There are 2 protein chains.
Amino acid sequence: MTRNPDVPEAAVTRLAAYLEALERLETQEVATTSSAEIARHAGVNAAQVRKDLSYFGEFGRPGLGYDVANLRRSLARILHLDREHLVILLGSGRLGTALLGYPGLAQRAFRVAGVFDSSPRVIGQELCGHRVLDVRNLQEFNREHEVKIGIICVPTAQAQAACDQLVAAGIRAILNFAPVSLRAPPHVLVRHVDVTRELQALAYYLAD
Amino acid sequence: MTRNPDVPEAAVTRLAAYLEALERLETQEVATTSSAEIARHAGVNAAQVRKDLSYFGEFGRPGLGYDVANLRRSLARILHLDREHLVILLGSGRLGTALLGYPGLAQRAFRVAGVFDSSPRVIGQELCGHRVLDVRNLQEFNREHEVKIGIICVPTAQAQAACDQLVAAGIRAILNFAPVSLRAPPHVLVRHVDVTRELQALAYYLAD
DNA sequence: ACTTGTGAAGCATTTCACAGCC
DNA sequence: GGCTGTGAAATGCTTCACAAGT
């Protein structure tokens, strides 16, 4: 899953957190900031912020700190958020619908190119401005659109099949919401967001 | 956030993944398994599985492996999933609704004790069998119910306030879906599930 | 005086490798 | 022969601490 072995994967994820912090600072019209302030916003150590940034270049000036707007732009560029990313949604149930309507996606330049499902009950229906398409047309669809990112919101039992279909359609990265570990070829990145797993971990620490 | 310093937090989260794997094996009527097989299901190293389990006891027998049903029960007990956990949902938007209707919660013995919102437009409405309550009644509600786990599904701008309200109501663990790092006292566990952060990390690895 | 960028130290986690048991 | 459980090695990540810059 890790591609650039020099940059810890955790550092990349934190970069997104720093970006959020910078956006907040920018709306508060803060022009200049420090690693300590970013760290406070992101809930990490200040040295961690500097180290993470150092993987990608030098963005600050000793004694002065960082220019908020500049650093925000730099981080956005590093994360490739300076251009739009198309995503394909697999599964139009409650979670898929929630994501479709989630403004956070568009705010970060992620645009849903297509919504797919396998159930005849929903195929063809309109959902948040998207016609739900038949998953059997996924490969054909993506020959034209060349979407790189797929999001799996199907029930557990169908998640691996959904993954295989995305891979066959040429997808390069998958965000999986189903509570199963997926098997995918090594050239396909898979990230797993598992609500139940998180809750179960919380429950562990709640011994009475 | 880590409470038992001897057990890595990542190990606890993986335990939940092993539990999923064991449940799948059990439905396939597999009686006995090995660390290698569990590892394959969970997408980790076999030594990792054995090491993780060793933090909590000895569950297998050399040369034979693990009894699936037994190990599943043991893991469920370790994660305190042998009893029901009440949760409070803050925010009845699309994401909150999706969670309310998500069968995975009930399957893992998490039961929604109450749904709260601050918008007069939704307070009092019925949602998946739950009446949406006024967040101003949260403390009073929890004096009676003593729920330990809160889930934040409110918009970013209100997330910190929601967190503060949960803390004031005596919540001990929070699962946060808003894309902000929350500040909470050290006795309150916070876990962060951030869809946009995950997508942004994926985008980083998708350089063309 | 204050803050960055970074080598080096410190700490944590993962993986190896094998003794011991089935 | 096969598999677990676990010290020890290897790896990876985070934090420290300070030289250098403003």
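Per chain, numbering begins at 1; letters A, B, ... match sequence-line order. In this text the structure is predicted, and so the values were computed from the model without any measurement. Heavy-atom basis, side chains included; hydrogens, waters and symmetry copies ignored.
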J.: Please tell me if B/Tyr66 has a side-chain N or O lying less than 4.0 Å from either OP1 or OP2 of D/dG5.
T.: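 Yes, B/Tyr66 has a side-chain N/O under 4.0 Å of OP1/OP2 on D/dG5.
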J.: Main chain of B/Val115, side chain of B/His130: is a donor-acceptor contact present, judged purely on distance under 3.5 Å?
T.: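 Checking the backbone N and O of B/Val115 against the side chain of B/His130, no donor-acceptor pair under 3.5 Å is found.
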J.: Using a strict 4.0 Å threshold on nitrogen-to-oxygen distance, state whether B/Arg191 and B/Glu9 make a salt bridge.
T.: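 Yes, B/Arg191 and B/Glu9 are salt-bridged.
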J.: Between C1' on D/dG5 and CG on B/Leu71, what's the gap in Å once rounded to a whole number?
T.: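 Interatomic distance, CG of B/Leu71 to C1' of D/dG5: 14 Å.
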J.: May I have the distance from B/Phe56 (atom CZ) to D/dG5 (atom C1'), rounded to whole angstrom?
T.: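 In whole Å, D/dG5 C1' and B/Phe56 CZ are 15 Å from each other.
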J.: Output the rounded distance in Å from CD (A/Glu9) to P (C/dT14).
T.: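 The answer, rounded to whole Å, is 13 Å.
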J.: Closer than 3.5 angstrom, by distance alone: can the side chain of B/His85 be matched with the main-chain N or O of A/Leu206 as a donor-acceptor pair?
T.: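 Checked: no pair found.
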J.: Under a plain distance cut-off of 3.5 Å, with no hydrogens placed, do B/Glu146 and B/Asn142 share a side-chain donor-acceptor pair?
T.: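 Not at all, the side chains of B/Asn142 and B/Glu146 share no donor-acceptor pair under 3.5 Å.
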J.: In residues 20-38 of chain B, which ones come under 4.0 Å of DNA chain C, going by heavy atoms?
T.: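 Those residues: none at all.
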J.: Salt bridge or not for A/Glu26 and A/Arg72, using N-O below 4.0 Å?
T.: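 Salt bridge: yes.
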J.: Just how far, in rounded Å, is C1' of D/dG12 from CD of B/Gln48?
T.: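 Result: 13 Å.
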J.: Tell me: CG of B/Asn70 to C1' of D/dT4, nearest whole Å?
T.: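 One finds 16 Å between C1' of D/dT4 and CG of B/Asn70, rounded.
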J.: So does B/Asp52 pair up with B/Arg14, basic N to acidic O under 4.0 Å?
T.: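 Salt bridge between B/Asp52 and B/Arg14, a charged N being under 4.0 Å from a carboxylate O: yes.
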J.: Donor-acceptor check, side chain of A/Arg108 to backbone of B/Gln200, threshold 3.5 angstrom: yes or no?
T.: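 A pair under 3.5 Å: no.
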J.: Tell me, for nucleotides 16-22 of chain C in 5' to 3' order, what letter each nucleotide earns: B for a base near a protein heavy atom under 4.0 Å, S for only sugar-phosphate near one, - for neither?
T.: BB--BBS
J.: Using only heavy-atom distances, determine whether the side chains of A/Thr196 and A/Asp194 contain a donor-acceptor pair under 3.5 Å.
T.: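 Yes, a side-chain donor-acceptor pair sits under 3.5 Å.
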J.: When the distance from CG of B/Asp52 to P of D/dT6 is rounded to whole Å, what number comes out?
T.: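 Going from B/Asp52 (CG) to D/dT6 (P), I get 13 Å.
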